[in-house]
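Here the structure is a predicted model, which means the values were calculated and not measured. By convention here, the first residue in the shown sequence is residue 1. All ligand and atom numbering here is 1-based and tracks the order in the structure.
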Amino acid sequence: MDFHQHAVCDTTNPNAAMQQPVLGYPTGGIYGYTHPFGGYQGSHAEYIRVPFGDVNCFPVPDGVSDEQALFLSDAVPTGYMGADFCDISPGDTVAVWGAGAVGLMAAASAKIMGAERVIVLDRFRDRLDLAEQKVGAETVDYTVADSVYETLRERTGGRGPDACIDAVGMEGHGTGVGQVYDKVKQALRMESDRATSLREAILACRKGGVVSVLGIYGLTDKFPMAALTNKSLTLRTSQQHGQRYMPQLFEHVTEGRLDPSWLMTHDLPLSESVRGYEMFKNKEDNCLRSVFRP
Ligand SMILES: NC(=O)c1ccc[n+]([C@@H]2O[C@H](COP(=O)([O-])OP(=O)(O)OC[C@H]3O[C@@H](n4cnc5c(N)ncnc54)[C@H](O)[C@@H]3O)[C@@H](O)[C@H]2O)c1
């Protein structure tokens, strides 16, 4: 049994009853993630209340800068967990959908864990460049590739990646008929998700492989259950269990294997936070993450 599933803690969510109709059993509290998740302030608040501070706070060790520590609270542990879910063996190929901060950290973590090849898919050239230059990953611009499945199949000797990580989520972008279908159903409020990347990851994964889902989904239509069962795939997913990974992540940073500070593309005063969020939301000016200084 795994005793380190902090995101599903039984005792930190005072609003647990609000989740029961949708989830069956509630999650733990999550900072800045609406009332059903506990109503805790997010980390842009002036003060945040940390329940069980002895477990949920970590002293930042010497040798870890503020800019590095900042990302160890979200994008890094999420990406790291996604790679950890893949049970990577030396020689493995891992494909990552989405080159946002989460996907880039999943790719970097897969390399740290021994993946021989990491292939990152996105449509933004600046993000794919970071995947190549900072992570040493191969990249695919899915708007140029005729078929993501065929491209990955060709690049893996006809077998498919050993593990596929979805770091996109319900606001996925697509190029084909599937995207039109999702957009129409969304507009009619008949589904909440545009799950292009999740469907592609399940289809592209090799037989017996792992699909690791970091992207957040709601009600997903056309979920390819047949491919999961018939290809004997393992599906793993969670909100990130940050506390579980923090000691390892501090070690990776202090020992020079990981430097997440380059995720900060925009270093802004707090007074410019609205502009910083807009740039992040609309992916303007090559914005990956905005950091605000009070
Ligand atoms: N599980 C967790 O604990 C956890 C924690 C943090 C974030 N998340 C989720 O992770 C996801 C990614 O977060 P982020 O901050 O990196 O977001 P982001 O929006 O910066 O990045 C998502 C990337 O996916 C790309 N994309 C869109 N459609 C695609 C497709 N069909 N194929 C390939 N790439 C595609 C976009 O171009 C974008 O670069 C979100 O769903 C977020 O909510 C989960």
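Contact annotation: for K281 versus ligand 1, there are no heavy atoms closer than 4.0 Å. Counting heavy atoms under 4.0 Å from ligand 1, residue D74 touches it through the side chain alone. With a 4.0 Å heavy-atom cut-off, ligand 1 is reached by no atom of E171. At a 4.0 Å heavy-atom cut-off, ligand 1 does not touch E200 at all. When heavy-atom distances to ligand 1 are checked against a 4.0 Å cut-off, I216 comes that close through both its backbone and its side chain.
Taking every heavy atom of F280 and a limit of under 4.0 angstrom, the matching atoms of ligand 1 come to 20 (O). Short contacts between ligand 1 and G98, defined as distances under 4.0 Å to a heavy atom of the residue, involve ligand atoms 23 (C), 24 (O), 25 (C), 33 (C), 34 (N). Residue W97 approaches ligand 1 through these ligand atoms, each under 4.0 Å from one of its heavy atoms: 32 (N), 33 (C). Per-residue contacts place A101 under 4.0 angstrom from the following atoms of ligand 1 (heavy atoms of the residue considered): 16 (O). Close approach of ligand 1 to G172 is summarised as follows: ligand atoms under 4.0 Å from at least one heavy atom of the residue are 28 (N). Those atoms of ligand 1 that come under 4.0 Å of a heavy atom in A167, given as number and element, are 11 (C), 12 (C), 22 (C). Near F124, with a cut-off below 4.0 Å to any heavy atom, the atoms of ligand 1 are 37 (O). Listed by number with element, the atoms of ligand 1 under 4.0 Å from a non-hydrogen atom of G100 are 16 (O), 20 (O), 21 (O), 23 (C), 39 (O).
A donor and an acceptor atom, one from each side chain of R244 and H4, are nowhere located under 3.5 Å apart. Donor-acceptor pairing under 3.5 Å is recorded for the side chains of Q19 and T27. Side-chain atoms of D166 and S197 include a donor-acceptor pair closer than 3.5 Å. Between the side chains of Y80 and Q240, not a single donor N or O lies within less than 3.5 Å of an accepting N or O. Y245 and D84 share a side-chain donor-acceptor pair at under 3.5 Å.
Judged by the shortest distance from any of its heavy atoms, A7 lies outside the 4.0 Å radius around the atoms of ligand 1. Distances from ligand 1 to the non-hydrogen atoms of M81 include no value under 4.0 Å. Residue-ligand proximity: Y217 is placed with every non-hydrogen atom at 4.0 Å or more from ligand 1.
Residues passing the salt bridge (charged side-chain N to carboxylate O under 4.0 Å, His left out) test with E46, sequence neighbours excluded: none.
The minimum heavy-atom distance linking S212 with C86 is given by the pair CB-SG, 3.9 Å. Scanning all heavy atoms of the two residues, the minimum distance from P247 to F58 falls at CD-CE2, 4.1 Å.
Among Q240, K283, R199, the residue whose heavy atom sits closest to atom 19 (O) of ligand 1 is K283. In this comparison of Q239, R127, R289, the heavy atom closest to atom 20 (O) of ligand 1 sits on R127. Across H173, H241, M105, heavy-atom proximity to atom 31 (N) of ligand 1 is greatest for H173.
In this structure, atom 9 (C) of ligand 1 lies nearest to the protein heavy atom L214 O, 3.6 Å. Among protein heavy atoms, atom 14 (P) of ligand 1 sits closest to V102 CG2, 3.9 Å. Of the protein's non-hydrogen atoms, the one nearest atom 37 (O) of ligand 1 is D122 OD1, 2.7 Å. Of all protein heavy atoms, the one closest to atom 29 (C) of ligand 1 is Y142 OH, 3.5 Å. Annotation: atom 11 (C) of ligand 1 to nearest protein heavy atom, V168 O, 3.6 Å. When hydrogens are left out, the protein atom nearest atom 5 (C) of ligand 1 is T78 OG1, 3.2 Å; that is the closest non-hydrogen contact.
By the 6.0 Å contact criterion, CG on D146 is open, its count of non-hydrogen atoms from other residues, nucleotides or ligands being 12 or less. Within 6.0 Å of CG in N230 there are more than 12 heavy atoms belonging to other residues, nucleotides or ligands.
For an aromatic pair to be called close, the ring centres must be under 6.0 Å apart, and Y142 with H173 satisfies this. Checked against the 6.0 Å centroid threshold, Y277 and F292 count as a close aromatic pair.
Distances between N or O atoms of S238 and those of ligand 1 include at least one value under 3.5 Å.
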Q) What's the verdict on salt bridge (Lys or Arg N to Asp or Glu O under 4.0 Å) for E138 and R155, showing C-alpha distance, side-chain angles and the deciding distance? A) CA-CA 10 Å; E138 301 166 40; R155 289 207 195 177; 3.7 Å; yes

Ignoring hydrogens and angles, write down the donor-acceptor pairs under 3.5 Å from the side chains of residues 61-71, residues two or more places apart or on other chains.
{"unit_1": "S65", "atom_1": "OG", "unit_2": "Q68", "atom_2": "N", "d": "3.2"}
{"unit_1": "S65", "atom_1": "OG", "unit_2": "Q68", "atom_2": "OE1", "d": "3.3"}
{"unit_1": "E67", "atom_1": "OE2", "unit_2": "R293", "atom_2": "NH1", "d": "3.4"}
{"unit_1": "E67", "atom_1": "OE2", "unit_2": "R293", "atom_2": "NH2", "d": "2.8"}
{"unit_1": "Q68", "atom_1": "OE1", "unit_2": "S65", "atom_2": "N", "d": "3.0"}
{"unit_1": "Q68", "atom_1": "NE2", "unit_2": "D259", "atom_2": "OD1", "d": "3.0"}

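Looking at R275 and E272, a side-chain N of the basic residue comes within less than 4.0 Å of a carboxylate O on the acidic one, giving a salt bridge.
Applying side chain to side chain contact (heavy atoms under 4.5 Å, CB included) to W97 and the options V148, V140, V120, L214 leaves one that passes, V148.
When distances from atom 17 (O) of ligand 1 to the protein are checked, no heavy atom turns up under 4.0 Å.
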